[in-house]
Amino acid sequence: MALDQELRRIAESAVTHCRDGEELAGIVPAEPAIGVRVYVCAYRDGEETSWLVLNAEGSPVEDRGLVNDAASIAALCEVAEEGAGIDPAVPRVASPALLDELGAAAGPEVAAAVRETAETVTGLLRDIQRGYKRPLH
């Protein structure tokens, strides 16, 4: 199945998890490990953001390690794209392979951008855990 079709299918599942007044703000497909694809979903209700990671079947993930790994690789890939001056025109899957590809293409700019993100990623992980829609184990 093409990535755009996967995203439409996951979006249908993701919107079923919206609370009153909340809307789905975005989905980032991530492969934190080979053969493991999940979808980091952000929800907005005014200024408040909540989070949910869905597995390939569209079910919520409650494994804290997998949620952290998915959010981390998604954030690192986004920072690497910015460091490389790339604005992807089509959806992409955040993965260690994409991170390597971006690093090979842009070199020092990507490496510098990624090195500077440790605090940002840590803050994002705290935000996700605080605003996660399910209990994490």
Side-chain angles (χ1 to χ4, degrees):
M1 178 182 306
L3 184 56
D4 60 333
Q5 292 172 320
E6 282 181 40
L7 288 171
R8 279 194 293 275
R9 182 180 57 78
I10 291 299
E12 289 174 8
S13 180
V15 297
T16 67
H17 298 283
C18 286
R19 298 175 182 142
D20 286 340
E22 194 175 57
E23 64 182 33
L24 179 63
I27 302 172
V28 176
E31 287 182 356
I34 295 172
V36 178
R37 183 169 296 177
V38 294
Y39 304 85
V40 180
C41 303
Y43 298 83
R44 288 257 165 71
D45 182 1
E47 295 295 314
E48 296 294 316
T49 302
S50 59
W51 304 87
L52 191 62
V53 174
L54 300 177
N55 64 20
E57 291 77 36
S59 299
V61 172
E62 295 180 352
D63 179 277
R64 182 181 307 275
L66 181 53
V67 168
N68 287 345
D69 291 348
S72 295
I73 196 64
L76 288 171
C77 285
E78 185 172 318
V79 166
E81 286 172 339
E82 289 173 7
I86 296 171
D87 185 15
V90 295
R92 68 355 175 211
V93 178
S95 68
L98 175 61
L99 197 55
D100 288 345
E101 181 183 316
L102 292 166
E109 294 85 7
V110 169
V114 169
R115 269 195 309 275
E116 295 172 5
T117 64
E119 287 183 36
T120 303
V121 171
T122 300
L124 174 65
L125 293 178
R126 276 194 301 268
D127 289 347
I128 288 173
Q129 290 177 10
R130 187 175 27 253
Y132 203 72
K133 292 175 159 283
R134 301 282 179 133
L136 290 170
H137 309 289

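Remember, it's a predicted structure, so these values are computed and weren't measured experimentally.
- Under the 4.5 Å side-chain criterion, counting only non-hydrogen atoms from C-beta, R19 is in contact with K133.
- S13 places no side-chain N or O within 3.5 Å of a backbone atom of I10 that could act as its donor or acceptor partner.
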Exercise answer: donor-acceptor pairs, residues 92-106 side-chain atoms, under 3.5 Å, sequence neighbours excluded:
residue	atom	partner	partner atom	Å
R92	NE	E81	OE1	3.3
R92	NE	E81	OE2	2.8
R92	NH2	E81	OE1	3.2
S95	OG	A97	N	3.4
S95	OG	L98	N	3.0

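- Annotation: side chain of S59 is not in contact with side chain of L54 (no heavy-atom distance under 4.5 Å).
- Contact between A74 and V28 at its shortest, heavy atoms only, is CB-CG1, 3.8 Å.
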Output side-chain donor-acceptor pairs under 3.5 Å for residues 64-71, partner residues at least two apart or in another chain, one line each.
residue	atom	partner	partner atom	Å
R64	NH1	Q129	OE1	3.4
R64	NH2	L136	O	3.4
N68	OD1	Q129	NE2	2.9

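- Rounded to the nearest 0.5 Å, atoms OG1 (T117) and CD (E78) are 11.0 Å apart.
- Closest non-hydrogen pair, L52 versus P60, comes out as CD1-CB, 3.9 Å.
- Residue V121 is not grouped with residue W51 when hydrophobic side chains (ILVMFWY) are merged at heavy-atom distances under 4.5 angstrom, including chains of intermediate members.
- Between the side chain of Y132 and the main chain of E62, no donor-acceptor pair closer than 3.5 Å is present.
- I128 is connected to Y39 through a chain of hydrophobic side-chain contacts under 4.5 Å among Ile, Leu, Val, Met, Phe, Trp and Tyr, so both are in one cluster.
- Scanning both residues, A30 and I73, for their nearest heavy atoms gives CB-CG2, 4.0 Å.
- For L125 against S72, the heavy-atom pair with the smallest separation is CD1-OG, 3.6 Å.
- V36 and L76 fall into different hydrophobic clusters, where Ile, Leu, Val, Met, Phe, Trp and Tyr are joined by side-chain heavy atoms under 4.5 Å apart, directly or via other members.
- Note that the CZ atom of R126 and the OG1 atom of T122 stand 6.5 Å from one another [nearest 0.5 Å].
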For this session: Start with the C-alpha gap between E22 and E48, add the side-chain angles, then the distance that decides, and say whether side chain to side chain contact (heavy atoms under 4.5 Å, CB included) holds.
Result: CA-CA 9 Å; E22 194 175 57; E48 296 294 316; over 6 Å; no
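- Applying the salt bridge (Lys or Arg N to Asp or Glu O under 4.0 Å) test to residues at least two apart or on different chains, the pairs with a partner in residues 26-35 are E31-R37.
- Listed for the R9 side chain is a donor-acceptor partner under 3.5 Å among the backbone atoms of A56.
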Problem set entry | Worked check of side chain to side chain contact (heavy atoms under 4.5 Å, CB included) between D45 and S50 | CA-CA 8 Å; D45 182 1; S50 59; over 6 Å; no
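- The closest donor-acceptor contact from the side chain of Y43 to the backbone of A14 lies under 3.5 Å.
- Distance CG/L24 to SG/C18: 5.5 Å, rounded to 0.5 Å.
- Considering all non-hydrogen atoms of both residues, V79 and A113 come closest at CG1-O, 3.4 Å.
- Rounding to the nearest 0.5 Å places CD of E12 at 11.5 Å from CG of L7.
- Around atom CD of E119, no more than 12 heavy atoms belonging to other residues, nucleotides or ligands sit under 6.0 Å away.
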